[in-house]
Every structure is written in C-alpha cells, then in structure tokens.
Amino acid sequence: MTQSTNPARVRFAPSPTGYLHIGGARTALYDYLLAKQTEGSFILRIEDTDQKRYVADSEKDLMRSLRWLGLEWDEGPDKGGPHAPYRQSKRKAIYQDHAEKLVEKGQAYYCFCSPERLDRIREEQIARGENPRYDQKCRNLDPDESARRAENGEPHVIRFKSPHQGTTTAVDLLRGEITVDNQTLDDIVLIKSNGLAVYHLAAMVDDHLMDITHVIRGAEWLPTFPVHKLIYDAFGWEEPIWVHLSLLLKPDGKGKLSKRDMEEARQKGQPIFVKDMEEFGYLPETVNNWLALMGWSYDDRTEFFPMEDLIGKFSLEKLNPSPAAINFSKLDHFNGLHIRQLDVDDFAQRIKPYFEREGYEVDEEILPDVAAAIQTRTGKLTEVTDMAGFFFEEDVDLVPKRIINKNLSASQAAYAAQRMSHLFQEVPVITQDTAEKPLRELADELDLKAGQLFGLLREALTGQKVSPPLFDIISILGKETVIERLDEAAMTLRDMAE
RNA sequence: GCCCCCAUCGUCUAGCGGCCCAGGACAUAGCCCUCUCAAGGCUAAGACCGGGGUUCGAGUCCCCGUGGGGGCACCA
C-alpha cells in the first residue's frame, strides 16, 4: 500500500438542494474508501448555509442513498460526534467569530455596498470586457469607522482581503501546483448580510475545526482553490491534502450534467440519482464498483471489485484528473457480473421484492430454484418478472400466433402438445436425462425439428418466447403442473384449429 | 471577455523515456457452445489532437497552437 497509513479524517459535505446523484455518490465513495482503508473517520456534514436553495426532502434522501450504498458515516448530523453540530446552519456563531478574527487581523473587512451597486458595477465591467469582480470600494475604509457603522446596524457583509501583488500557489494532489496571478483574485464575501457564512468560509473553518486531513471535492472548485488556500493561510492553519476530482460528463461527453439532462436520462431508464438505482434494478455493489472506476483505476486489467477490494486497493494517487463521460452500458455489465457472483440464496432474497412489487405472490419453496435458473440471465433485477413471473402464476396465457406459422398448423401443434403430455405422464420423474431423448424422438416422429417442439413446450409452460432452460422449468413446476399446462395448451390450440 | 483545468480506440482506461508496429474493459461485428434467452469461449475492427523542441530514443518531458471542460454570485 502506497497510501499514508495515518488514519484519515474525510468528510462528505453536500448541500441539501436535491437528490443524491452519481457525482456526489462517487465523491462520498472515495471519502469512505480512504477512511476505511486508513481506519480513519468518514464524516457527513450538511452544508445548508443557503436557505433559498434548501430542498426539504433532500437530506433524508441523502442519508438513505448513502446507506443503501453501504457508505455509513462515523460522525454526522443524526449521530453526533466530537465536532457537533454537523449542520452548518447550526454553526453560524462559529463562522462569525472566525470572520471577526480575520477583520481584526486586517485580513478581511466590512463592506457596505448594496447588492444593487454590485449588480451595476458588474454590468459595467462586463460591458467593458473586464473580468467582473468587486471594485474594492470598502476595502480601505477606516477600520474603526467601519466597525462603528456595522455596530449601528448598517447592512454589511464581510469580505476577504485578497492580496494584489505576486502570485498564489496551491497544491492539488492530482495536478500539482496551481498558480494564479493575485491581480485576478476577487475579494469574496465571507459572511452574508444575513449573518450566515458562505461556502468559502464555512467549509474552510469546518474542515480545520473538524481535523479534516483530506479534502476531496469536485473540480468545479479549482478556480476558487487558491483563495481557499489563502483563507487557510490567513488563519495560520495547516492545510489539508487537497484532491479535486474530475468532473463527470454527460454520456456523450459534452458538458457536465444539468438538471434537465438528469431528467432526460431518467426517462431513458438511465439512473442519475442513487434512489433510481434500486428502482431500476441495480445492486449497490454494482454501483460502487462502477462509480469507483469513473476516474480511478487499479491496474491494466482488474475491473471487478467487491467493496472489500475497493477498500484494500483504492489509492488517491491513481485518481485521474481528466473529465469522464458516464457510461451506462458499463453499469449494466457490472450489474451482471455482481449478480452472477452472488450466492443463490442471496440472489433469491434480492429478487423477491421485484416480483412482489409487480404483484406476484412469491412461493418461498421454489424461490431458490427459480433464482438459480435465472441468475446468469439477469442483467437488472427488474427483468426477473418478465423472465420468471410465470412460476408464480396460476395459468399462463398462450400466444398462439407465436406458435402457429406456415411450418406448424394449429392442429399439428395441438397434437404435439397432447403427445408431450402423454409422454410426460409415462415418465416417472422428468429430468433432462429421462425426457430429452424421448422428446427428440417424438419430434422426429411428428416430422418436426427438435427446436420447434421445444419452442412449443416453452410457450405452453411459460407463455413466453424466452425463458430459463426447459428442464429447469419442468423440475421446478413439477410433473403435475407441466401436464396441466400442456393439456390446456392442447385444448386452446385445438379450438383454434376448428 | 477574463481565469483555471484537461487531452491514448465511440466510451472508461493502462502507460509515469527504450518492455508499445500501444495493453485491458464496455459497446459493436463474426464464429463456437446451445431447447429460447443469457452466460461462457474465440476472433475482428478501433486510439497516442497538431506543430515545434529536449534526447541516441517521446504516447511518456518542455513550449506554442487547437479542441474539450469548468469557473467568474451576499449558490454550493
């Protein structure tokens, strides 16, 4: 292991503005993997400093989704911890104190400019083709006077006093040094006029106070990264290791997913939100495996990773800084792989809810056998009803037009079904060994291809064109049911012949 | 417009100067297996963005283009 063996303290810090999507889930997964690998801590922190964007259900969805993936946190808003509270809206005073400290040190200042003025100067700057940023009107106000005005209740924000000269260099683990010219830096707002902190302050303060060792976040933070480093410096704090994850792009690779893209993808059956994964029939282990590989790799051939392997083999150094397009067909492929390595009883329990939600009454007696029969042919758990629903139905609906064609008349089919029924009645125990040969002989006798006869049998037993292997079906259904369904089919076909 | 990041098959990627006429996976096509459908096996097609350097030698290092992406809020 090339990883540092010191216990890492990592945090997943989403803002509750919507359902947990795959981008967030991937970040949380990497956090979790690093924490587990180093026997450190995985912390959940809710960044709800923007009351306007708050979505009520999202916190519940977030926790439910993380737990579904198996990414249980050690500290968080619902379970507390040594650095509680873990919800930023409850930490308002902490941020204010810290901002005041910066003001005292001359690293931040009160700004009394109105939003209207800010809008105006921004428009003017854009019109002039300049980079829009604060014109620093309040930057050089007399500190005592500023303090007085603020105390008198004049509306104000607190801004960070960015340096003007020189350059700032911040170090990202994946990209190395990122240097910006300080002239391009803006004096960002730290505390809003309503007294709440913005991300730039709140996240830095919390990460420091919570002893976060590795900040793993999306690459959309790269442009403000140098300012974040400057904020750490202003406080005199030691920086964490910064890791900016590559962005996840739309499947066509053109741009990152927007809200609308997410909805469109959902309509196509492509799960964008973690909550859709279960609904669409994916296993949590599939999702973790798939997500882990979007931006991370282990070597030049291993791709199948159960969670334990992910924990053991993950390393930050192998993270890829370039953006990655989402590949849903690979998700399907991984789901198949993980389904096939489940043991049968486990698989049986996983598919049970998918039958039930389609209204089937699952017979626990035969469920394990059904599971065994369909396991290798299940790509998504939602497919099991189409493949094996007939096991849990009283009768099947025959679709004669799939049976009867120019090579097989209704009366021929009816006769063949009847003959198979008789044949099975004579065989004490129907298995592939006892029944296949007689069936093939029957096909010869009736001048049918074996495939035709098997096809007829399949339709009679399942009402489907596609099914698990016939002899599996027969042994699960039992001789009695098999004969019943065959007789019924014969009857239906005979009626059609007349 | 300004700033930042990225750049190998359609997609995800391996490659950290010679082991690469570039390897794997998904998807695609063909074949084999076969009672259907899968699974599995085999095979095919498919990429180092361009130009300059550095070097005995560059997919790998540097520079410039180009392309893609991201950011420029009292959102995160």
Side-chain angles (χ1 to χ4, degrees), chain A residues 13-17 47-50 52-53 111 113-115 118-119 122 125-133 155-159 172 174-175 178-181 184-186 188-194 196-200 202-203 217-226 244 246-247 249 251-256 290 293-304 318 320-334 336 340 374-379 383 387 432 436 439-440 443 449-459 462 464-471:
Chain A
S15 64
T17 56
E47 309 222 322
D48 56 349
T49 53
D50 185 10
K52 290 189 287 291
R53 296 207 311 158
C111 170
C113 295
S114 67
L118 263 20
D119 286 344
R122 187 168 24 249
Q125 286 167 328
I126 291 170
R128 267 181 270 130
E130 289 171 20
N131 188 19
R133 46 202 264 248
H156 65 278
V157 299
I158 298 179
R159 286 185 184 272
D172 171 72
L174 309 181
R175 288 158 253 258
I178 293 168
T179 302
V180 291
D181 190 332
T184 66
L185 263 26
D186 198 3
I188 57 165
V189 170
L190 263 19
I191 301 281
K192 298 180 253 188
S193 57
N194 66 6
L196 276 167
V198 300
Y199 172 88
H200 307 293
R217 46 155 33 173
E220 66 269 22
W221 292 112
L222 241 21
T224 38
F225 177 31
H244 292 90
S246 64
L247 259 5
L249 270 26
D252 63 8
K254 296 199 191 321
K256 74 169 185 180
W290 176 67
L293 256 21
M294 300 188 74
W296 174 80
S297 60
Y298 177 63
D299 58 19
D300 64 344
R301 46 198 68 246
T302 322
E303 288 206 322
F304 178 81
K318 297 279 285 180
N320 192 143
S322 60
I326 298 163
N327 186 343
F328 286 107
S329 60
K330 204 145 184 171
L331 174 67
D332 289 353
H333 173 252
F334 277 126
R340 271 169 256 136
I374 63 175
Q375 191 166 8
T376 57
R377 54 207 94 223
T378 304
E383 294 162 1
M387 181 60 84
Q432 183 147 14
E436 184 170 1
L439 278 173
R440 287 183 186 279
K449 286 187 189 137
Q452 275 179 296
L453 195 66
F454 284 127
L456 173 59
L457 179 57
R458 167 170 292 108
E459 291 278 0
T462 68
Q464 298 168 190
K465 195 167 63 182
V466 171
S467 82
L470 278 172
F471 294 99

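Because only heavy atoms are used, hydrogens play no part in the values below, and waters and symmetry mates are left out as well, while side chains stay in. Here the structure is a predicted model, which means the values were calculated and not measured. Residue numbers start from 1 in every chain, and the chains themselves are labelled A, B, ... in the order their sequence lines are given, proteins ahead of strands.
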Quiz prompt | 5′-ward residue of the pair Leu247(A)/Lys318(A) relative to RNA chain B | solution = Lys318(A)

Quiz item: If you look at every heavy atom in Pro16(A) and Asp48(A), which pair is closest and at what distance?
Solution: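 It is CG-CB, 3.8 Å.
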
Quiz prompt | Residue list, side-chain hydrogen bond (donor to acceptor under 3.5 Å, both in side chains) with His200(A), at least two apart or on another chain | solution = His228(A)

Practice problem: Output all residues satisfying side-chain hydrogen bond (donor to acceptor under 3.5 Å, both in side chains) with Gln125(A), sequence neighbours left out; order by chain, then residue number. | Solution: none

Considering only heavy atoms from C-beta outward, does the side chain of [X] approach that of [Y] to under 4.5 Å?
X	Y	answer
Glu303(A)	Leu293(A)	yes
His244(A)	Arg217(A)	yes
Leu439(A)	Leu470(A)	no
Leu222(A)	Arg175(A)	yes
Lys318(A)	Tyr298(A)	no

Nearest-Å distance once atom [atom1] is located in both [N] and [M]:
N	M	atom1	result
A45(B)	C31(B)	C1'	15 Å
U54(B)	C61(B)	C1'	8 Å
C64(B)	C16(B)	P	26 Å
G59(B)	A22(B)	P	12 Å
A47(B)	U13(B)	C1'	12 Å
A14(B)	U8(B)	C1'	10 Å
U60(B)	C49(B)	P	8 Å
U11(B)	G46(B)	C1'	12 Å

Practice problem: Scan Lys449(A) against the nucleic acid and name what it touches under 4.0 Å (heavy atoms): base, sugar-phosphate only, or nothing. | Solution: nothing

Quiz item: Do Asp181(A) and Thr184(A) have side-chain atoms, one donor and one acceptor, less than 3.5 Å apart?
Solution: no

For [X] and [N], give me the distance from atom [atom1] to atom [atom2], rounded to whole Å.
X	N	atom1	atom2	value
Lys254(A)	G70(B)	NZ	C1'	16 Å
Phe334(A)	A27(B)	CZ	P	10 Å
Phe304(A)	U13(B)	CZ	C1'	19 Å
Arg217(A)	C5(B)	CZ	P	15 Å
Asp299(A)	G23(B)	CG	P	16 Å

Exercise. Mark yes or no for whether Asp50(A), through its side chain, and Lys52(A), through its backbone, hold a donor-acceptor pair below 3.5 Å.
Key: yes

Practice problem: Give a yes or no on whether the backbone of Leu185(A) and the side-chain of Arg133(A) come within a donor-acceptor separation of less than 3.5 Å. | Solution: yes

Considering Watson-Crick and G-U wobble pairs with both distances under 3.5 Å, what does [N] pair with?
N	result
C35(B)	none
C48(B)	none
G10(B)	C26(B)
C61(B)	G53(B)

Quiz item: Within the pair Thr184(A) and C2(B), is there a side-chain N or O less than 4.0 Å away from OP1 or OP2?
Solution: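 No, Thr184(A) has no side-chain N/O under 4.0 Å of OP1/OP2 on C2(B).
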
Exercise. Please identify each residue that fulfils salt bridge (charged side-chain N to carboxylate O under 4.0 Å, His left out) with Asp119(A), with sequence neighbours left out.
Key: Arg122(A)

Contact pattern, 5' to 3', of [range] - B, S or - by protein heavy atom under 4.0 Å:
range	result
nucleotides 7-12 of chain B	S---BB
nucleotides 71-76 of chain B	SBSBBB
nucleotides 31-41 of chain B	----BBBBSS-

Quiz item: Does CZ in Phe471(A) sit with more than 12 non-hydrogen atoms of other residues, nucleotides or ligands closer than 6.0 Å?
Solution: yes

